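The first residue in the sequence is number 1, and the count goes up from there. Keep in mind it's a predicted model, so treat the numbers as computed, not measured.
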Amino acid sequence: MKYSTVCAAFFAAVVSASDVKQLKTDTFKSFIEENDLVLAEFFAPWCGHCKALAPEYETAATTLKEKNIALVKVDCTEEQDLCQEYGVEGYPALKVFRGLENVSPFGGQRKADSIVSYMTKQGLPAVSDVTKDTLEEFKTADKVVLVAYFAADDKASNETFTSVAHGLRDSFLFGATNDAALAKAEGVKQPGLVLYKSFDNGKDVFSETFDADAIRDFAKVASMPLIGEVGPETYSGYMAAGLPLAYIFAETPEEREELAKELKPLALKHKGAINFATIDAKSFGQHAGNLNLKAGTWPAFAIQKMEKNEKFPYDQDAKITNKDIGKFVDDFLAGKVEPSVKSEPIPESNDGPVATIVAHNYKDIVINNDKDVLVEYYAPWCGHCKALAPKYEELGQLYASDKLSKLVTIAKVDATANDVPDEVQGFPTIKLFPAGKKDSPIDYSGSRTVEDLVKFIEENGSHKAEATYVEKAEEVVADAADDMVSQADAATKSGKSAAASAASEGTETVKSGASSAASVASDGTESVKSGATAATDSAASAASEVSKSASSAASEAAASASSVRDEL
């Protein structure tokens with residue numbers, strides 16, 4: 001499960017000239033049209049993540065200004081229609097604009113150097129031409145660059161490399177040269193490929209067949225440090241690599257360096273099969289719990305298998321040595337180590353509208369059945385999860401009938417207390433596992449309303465189950481009842497007024513009071529027509545009994561209007 005840290009930085013208002021231009025609805029589109037490449041931040045002033053991003057964004061803007069790449073921001077509390085037009089649902093939202101019709105989400109980290117690296121790649125062609133005069137500069141243009149060497153008439157290699165570059169341009173810089181002498185000087189045989197990097201030994205040479213899949217695999221493996229450092233800026237890269245990740249927890253830089261040196265031969269031996277990385281136990285020790293390690297017992301070692309989110313913690317009472325960890329890693333790769341599974345107890349009763357998932361019943365509820373299963377992965381401390389809870393219960397009620405419960409299951413799992421075989425990057429995460437397609441769950445990214453969730457299940461589930469939902473039906477009834485009571489109060493007051501007038505002015509006034517009561521009642525809504533008719537009949541009856549005292553007539557009218565209110 002992906003973890004994140006909450007930055008504690010605060011936004012400082014820039015009183016001097018800023019390199020981040022703030023745009024409004026009337027200036028945004030013209031600015032985008034006038035600039036070839038723009039990174040736009042859609043933010044809210046009260047957003048903590050936006051405040052943390054602000055100084056990083058400003059620093060990146062100053063650096064990228066020299067490359068004619070503009071960074072702008074839009075205050076969504078002031079420009080709500082503009083933000084809605086571009087599908088902004090959370091803050092900050094970063095989007096890359098190449099004109100008004102070519103918009104894509106920003107895929108980098110929210111740090112200045114990452115923003116600069118990512119946008120620099122966006123500003124270059126997928127493959128840059130490299131010459132003997134520019135090669136050295138290009139090698140250091142980013143932390144990782146790939147340069148292909150092939151003959152000018154080798155169209156197949158050119159097309160293969162270009163296709164890979166288009167697919168991975170957000171992650172790496174790509175260059176190519178047809179200069180045979182340059183290839184020879186770099187010790188490369190055409191067609192060849194070299195990955196240059198600012199760490200480890202400085203470069204890796206590709207030696208496989210010049211095939212797109214092989215090049216992609218090579219880039220993912222060679223671009224990772226032999227023993228790197230896990231942190232907010234590097235975690236996504238380790239996830240994307242697709243290899244098991246071996247964590248080395250230690251509190252001090254000196255201890256992490258010492259352990260990295262101890263285990264470096266293992267990292268070299270298993271390069272391409274498993275990634276090794278140290279992690280700051282003081283800053284990110286809480287992540288140990290996600291790996292089923294005891295937080296606070298350092299140093300510690302664990303392996304995480306990404307595709308199934310399996311955890312393999314090493315005995316924290318044992319020492320971390322090259323020999324002992326080497327055996328543990330060998331056994332892991334040979335399939336001899338069982339994953340550690342953290343699970344709450346299986347509920348004794350699980351027949352509510354929302355099924356409770358724990359690690360030990362996950363397969364039974366989610367996978368091993370012929371139902372469409374909607375799963376919410378939540379955290380008990382998550383405010384958004386708490387806000388969703390009553391709506392999610394209401395959603396479960398809609399599928400609780402005998403007919404629909406055979407087709408759809410609405411379920412939830414505390415992803416902080418149970419190991420689940422799915423990547424969860426935030427809370428709440430909602431996924432639909434369609435019947436017959438359980439290996440291809442569909443992520444839900446719409447608004448968290450009952451109506452939209454019902455529509456999502458119907459459109460994406462294998463059974464196309466239709467649940468009837470009337471939005472806020474109970475609130476509509478309550479509002480109608482309040483209106484009816486208010487109108488009954490008005491009828492009561494009007495009836496009393498008419499009766500009092502009848503008492504003081506005699507028979508003709510009683511008739512007039514009856515007429516007034518009837519008029520008041522008939523002016524009400526359709527929901528109180530029957531009440532109004534009752535008031536009119538009572539008042540008319542009072543008028544026909546002229547011989548009765550005026551006080552009796554008054555009593556009849558008041559009691560009649562009061563009866564209307566009680567019935568409503």
Side-chain angles (χ1 to χ4, degrees), residues 1-4 235 239 244-247 249 279 284-297 300-318 328 331-332 335-382 384-386 388-389 392-393 395-396 405 408-435 438-441 443-444:
M1 180 179 67
K2 184 174 181 179
Y3 70 92
S4 62
Y235 186 82
M239 296 299 100
L245 177 59
Y247 294 85
F249 284 86
I279 180 169
F284 310 117
Q286 72 277 10
H287 187 54
N290 297 328
L291 300 169
N292 298 348
L293 289 168
K294 293 180 292 183
T297 304
F301 184 88
I303 300 174
Q304 182 180 14
K305 206 170 183 178
M306 304 305 178
E307 68 269 21
K308 294 184 179 180
N309 195 29
E310 293 177 333
K311 294 86 178 277
F312 302 82
Y314 180 70
D315 184 0
Q316 287 177 265
D317 294 327
F328 181 77
D331 288 345
F332 163 78
K336 297 179 181 179
V337 181
E338 290 295 322
S340 168
V341 179
K342 178 173 60 178
S343 178
E344 294 178 296
I346 296 177
E348 293 183 6
S349 175
N350 209 358
D351 53 3
V354 177
T356 298
I357 298 172
V358 298
H360 291 322
N361 69 3
Y362 183 90
K363 288 185 178 180
D364 290 337
I365 293 179
V366 181
I367 306 299
N368 299 332
N369 56 66
D370 295 323
K371 296 182 180 182
D372 296 327
V373 183
L374 188 75
V375 180
E376 176 204 0
Y377 302 83
Y378 73 93
W381 44 258
C382 166
H384 295 296
C385 303
K386 293 176 183 178
L388 175 63
Y392 206 68
E393 283 289 320
L395 179 70
S405 63
V408 176
T409 294
I410 306 300
K412 64 180 180 181
V413 57
D414 180 351
T416 67
N418 297 277
D419 287 334
V420 292
D422 307 290
E423 183 179 357
V424 179
Q425 297 188 358
F427 299 113
T429 289
I430 300 175
K431 295 174 181 279
L432 177 67
F433 292 79
K438 298 301 179 86
D439 58 343
S440 302
D443 290 315
Y444 179 73

Any donor and acceptor pair, going by atom type alone, linking the side chain of Y392 with main-chain N or O of A411 inside 3.5 Å?
yes

Check: K363 and P421 side chains under 4.5 Å, non-hydrogen atoms:
no

Are N418 and Y362 close enough that some pair of their side-chain heavy atoms sits under 4.5 Å apart?
no

Closest non-hydrogen atom pair between S340 and D419, with its separation:
O-OD2, 3.3 Å

Could you tell me whether the side chain of F332 reaches within less than 4.5 Å of the side chain of P244, counting heavy atoms only?
yes

Compare all side-chain heavy atoms of V420 with those of V375 and state whether any distance is below 4.5 angstrom.
no

Distance-only, no hydrogens or angles: does the N350 side chain make a donor-acceptor pair with backbone N or O of T356 under 3.5 Å?
yes

Taking the side chain as everything from C-beta on, heavy atoms only, tell me whether V358 gets closer than 4.5 Å to S343.
yes

side-chain hydrogen bond (donor to acceptor under 3.5 Å, both in side chains) test vs K438 passes for just one of N369, N368, D372, namely N369

Inspect the surroundings of NZ in K342 and state if more than 12 heavy atoms from other residues, nucleotides or ligands are less than 6.0 Å away.
yes

Are any of the side-chain heavy atoms of Q304 and N290 separated by less than 4.5 Å?
no

First locate atom OH of Y377, then atom CD1 of I357, and finally report the distance between them rounded to the nearest 0.5 Å.
6.5 Å

Under the side chain to side chain donor-acceptor pair (under 3.5 Å) test, which residues partner Y444, sequence neighbours left out?
none

Are I365 and V413 close enough that some pair of their side-chain heavy atoms sits under 4.5 Å apart?
no

Heavy-atom check, side chain of T416 versus side chain of W381, under 4.5 Å
yes

Nearest heavy atoms of F427 and Y378, plus distance in Å
CD2-C, 3.6 Å

The reported gap from CZ in F301 to CZ in F249 (rounded to nearest 0.5 angstrom) is 11.0 Å

Sorted by chain and number, sequence neighbours left out, side-chain contact (heavy atoms from CB on, under 4.5 Å) with D315 holds for D317, A318

Nearest atoms (heavy-atom pairs only) where D422 meets N309
O-ND2, 3.9 Å

Just to verify, what does Y314 make a ring-ring contact (aromatic ring centres under 6.0 Å, His included) with, not counting sequence neighbours?
F328

Please give me the minimum heavy-atom distance between K294 and Q316, naming the atom from each residue.
N-OE1, 2.7 Å

Interatomic distance, I346 atom CD1 to D364 atom CG [nearest 0.5 angstrom]
7.5 Å

What are the two closest heavy atoms between E344 and D414, and how far apart are they?
OE1-CB, 4.1 Å

Inspect the surroundings of CG in D370 and state if more than 12 heavy atoms from other residues, nucleotides or ligands are less than 6.0 Å away.
no

L374 to L395 - nearest heavy-atom pair and separation
CD2-CD2, 3.7 Å

